[in-house]
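What you are looking at is a predicted structure, and each value in this text was computed from that prediction instead of being measured. Numbers restart at 1 for each chain; the letters A, B, ... are given by sequence-line order, proteins then strands.
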Amino acid sequence: QQQVKQSPQSLIVQKGGIPIINCAYENTAFDYFPWYQQFPGKGPALLIAIRPDVSEKKEGRFTISFNKSAKQFSLHIMDSQPGDSATYFCAAPGHTGGFKTIFGAGTRLFVKA
Amino acid sequence: DAGITQSPRYKITETGRQVTLMCHQTWSHSYMFWYRQDLGHGLRLIYYSAAADITDKGEVPDGYVVSRSKTENFPLTLESATRSQTSVYFCASGAGSLTDTQYFGPGTRLTVL
């Protein structure tokens with residue numbers, strides 16, 4: 001039972017483009033929605049996170065947009081660079097024998113130079 | 001150095017053998033997690049621990065055993081390795097709740113022949 005649906009599975013953009021990655025969740029009991037970034041051969045690392053009392057959060061070139069009523073949130077990367085090429089995971093609270101963080105399946109982003 | 005470390009980084013073993021993956025964190029975080037990462041499945045939770053001597057199952061616990069006698073260590077044991085357990089294993093820790101930010105180790109790539 002997939003409780004966090006992430007799309008697309010992969011994405012290729014030109015340098016300077018604005019890739020958008022979407023995430024839909026089911027559980028509304030908690031209030032913390034992070035995005036993690038993972039480079040090849042490394043562990044995931046927190047990129048940016050949002051709490052649903054705001055609809056948008058920006059940190060540098062990265063923006064999270066949050067739609068609480070639709071139970072969706074998305075990651076936008078402004079002026080994307082080849083160094084942004086990585087796998088991105090959204091995460092949201094889910095219920096698998098108790099509330100825990102559930103990760104999306106991941107989006108592999110490639111930014112062409 | 002402070003952080004979270006995993007050992008070994010790479011391991012090749014044979015079907016039926018017992019394998020233990022080690023995880024050590026220096027932050028004194030209460031929560032620790034084990035995930036496996038497989039293509040198309042993202043990060044799936046195997047086991048987690050809320051404190052020393054407190055562990056619980058995640059989404060895919062079958063075939064794995066954990067223990068946590070000290071706050072800083074959280075070893076994962078494959079009692080009798082199977083080919084389906086070939087994967088990349090990540091350990092993570094967190095100071096907040098089960099749904100708060102997690103800090104990941106560099107991963108262990110395990111191959112079961």
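Interatomic distance, OH of A/Y32 versus OG1 of B/T101, reported as 2.5 Å (0.5 Å rounding). Expressed to the nearest 0.5 Å, how far CZ of B/F104 lies from CD of A/Q38 amounts to 8.5 Å. Distance CG/A/L46 to CD/B/Q102: 10.5 Å, rounded to 0.5 Å.
If you chain together hydrophobic residues whose side chains sit under 4.5 Å apart, B/Y47 and A/F103 never meet in one group. Clustering ILVMFWY residues whenever any of their side-chain heavy atoms sit less than 4.5 angstrom apart, transitively, puts B/I46 in a cluster other than the one holding B/V88.
Counting heavy atoms of neighbouring residues, nucleotides and ligands inside a 6.0 Å radius, atom CZ of A/R108 does not exceed 12 of them. Counting heavy atoms of neighbouring residues, nucleotides and ligands inside a 6.0 Å radius, atom CD1 of B/I54 exceeds 12 of them. Residue A/Q9 qualifies as open at atom CD: its count of foreign heavy atoms under 6.0 Å is 12 or below.
The greatest number of non-hydrogen atom pairs below 4.5 Å with chain A, out of B/R9, B/Q6, B/Q37, B/H41, is found for B/Q37.
Of the residues B/Y103, B/F90, B/Y35, the one that meets the side chain to side chain contact (heavy atoms under 4.5 Å, CB included) test with A/P44 is B/F90.
Scored by the salt bridge (charged side-chain N to carboxylate O under 4.0 Å, His left out) test, A/K15 finds no partners at all (sequence neighbours excluded).
The minimum heavy-atom distance between B/D100 and A/Y36, with the atom names listed, is O-OH, 4.3 Å.
Neither the backbone nor the side chain of A/P34 comes within contact range of chain B, judged by heavy atoms closer than 4.5 Å.
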